[in-house]
Amino acid sequence: KWYVPETLSLLQLHVFSFICSVTNKKPTQASITKVKQFEGSTSFVRRTQWMLEQLRQVNGIDPNRDSPEFDLLFENAFDQWVASTASEKCTFFQVLHHTCQRYLTDKKPEFINCQSKIMGGNSILHSAADSVTSAVQKASQALNERGERLGRAEEKTEELKNSAQQFAETAHKVRFWWDK
């Protein structure tokens with residue numbers, strides 16, 4: 001939950017703004033949407049939305065300290081943000097960086113003043129991706145083994161069927177022979 005406390009001059013209410021990354025349209029379109037939630041309210045109001053292609057720069061402000069502040073520079077807009085925690089900012093940057101790498105082919109935004117751990121190989125996303133890859137490999141291997149076992153069971157079933165038919169034919173012949 002990323003928020004920027006703002007104060008309305010007349011009502012003195014706190015307003016919380018959130019960032020959401022949306023990637024569920026076909027063809028895939030990623031956007032960053034800023035919505036507000038007024039204190040005491042459960043509903044959200046969309047404030048601003050930018051397409052991911054409009055993002056030009058992500059500024060972590062100070063790479064030498066864990067701070068929740070960051071800036072997003074779009075084609076025609078500049079927006080300042082404060083995450084709930086530095087850790088949430090780091091997670092958001094990792095997700096945003098991964099989303100940009102995945103969905104933007106041409107102009108990818110510049111990530112400046114970001115801690116190296118955000119873009120490094122030990123990110124949450126890489127760990128999650130490794131975990132998912134491992135799970136998929138295990139599931140695939142288990143599926144292959146199950147397929148092989150089912151294949152062997154099918155062969156044995158066919159053999160049993162043939163043996164049963166041969167036994168029935170032989171039993172019929174023996175009975176016919178004894179009945180003579």
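Keep in mind that the numbers below use all heavy atoms, side chains included, and drop hydrogens, waters and symmetry copies. Residue numbers count from 1 along this sequence.
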- In the hydrophobic clustering (ILVMFWY, side-chain contacts below 4.5 Å, transitive), which residues join Val174, or is it alone? Trp177, Trp178
- Task: Would you mind listing every side chain to side chain donor-acceptor pair (under 3.5 Å) that reaches into residues 142-153, with sequence neighbours excluded?
- Result: Gln141-Glu145
- Message: I'd like to know if the side chain of Gln54 and the backbone of Met51 have a donor-acceptor N/O pair within less than 3.5 Å.
- Response: yes
- Item | Check: Lys161 side chain, Lys156 main-chain N or O, donor-acceptor pair, under 3.5 Å | no
- Note on the structure: Between Leu104 and Lys107 the two heavy atoms that sit nearest each other are CD1-O, 3.8 Å
- Message: Assess the residue pair Arg56 and Glu75 against the criterion (salt bridge (Lys or Arg N to Asp or Glu O under 4.0 Å)); give the C-alpha distance rounded to whole Å, side-chain angles, the decisive distance to 0.1 Å, and a yes or no.
- Response: CA-CA 6 Å; Arg56 295 292 172 249; Glu75 278 180 0; 2.4 Å; yes
- Message: With a 6.0 Å cut-off (strictly less than), is the heavy-atom count around CD of Glu154, excluding the residue itself, greater than 12?
- Response: no
- Query: When the ring planes of Phe111 and Phe93 are compared, do they come out parallel, tilted or perpendicular, using 30° and 60° as the limits?
  - Reply: perpendicular
- Query: Judged by atom type as modelled, is there a donor-acceptor pair below 3.5 Å linking the side chain of Lys34 to the main-chain atoms of Gln49?
  - Reply: no
- Item | Contact summary for Val58 and Cys114, nearest pair of heavy atoms | O-SG, 4.2 Å
- Query: Which word best sums up how the rings of Trp81 and Phe70 line up, parallel for under 30°, tilted for 30 to 60°, or perpendicular for over 60°?
  - Reply: parallel
- How about Phe92 and Gln94: do any of their side-chain heavy atoms sit closer than 4.5 Å? no
- Note on the structure: Residue set satisfying side chain to side chain donor-acceptor pair (under 3.5 Å) with Asn113, at least two apart, ordered chain then number -> Asn59
- Query: Is the side chain of Lys89 donor-acceptor paired with the backbone N or O of Thr85 at a distance under 3.5 Å, no angle test?
  - Reply: no
- Task: Report yes or no: do Ser41 and Ser43 form a side-chain donor-acceptor pair below 3.5 Å?
- Result: yes
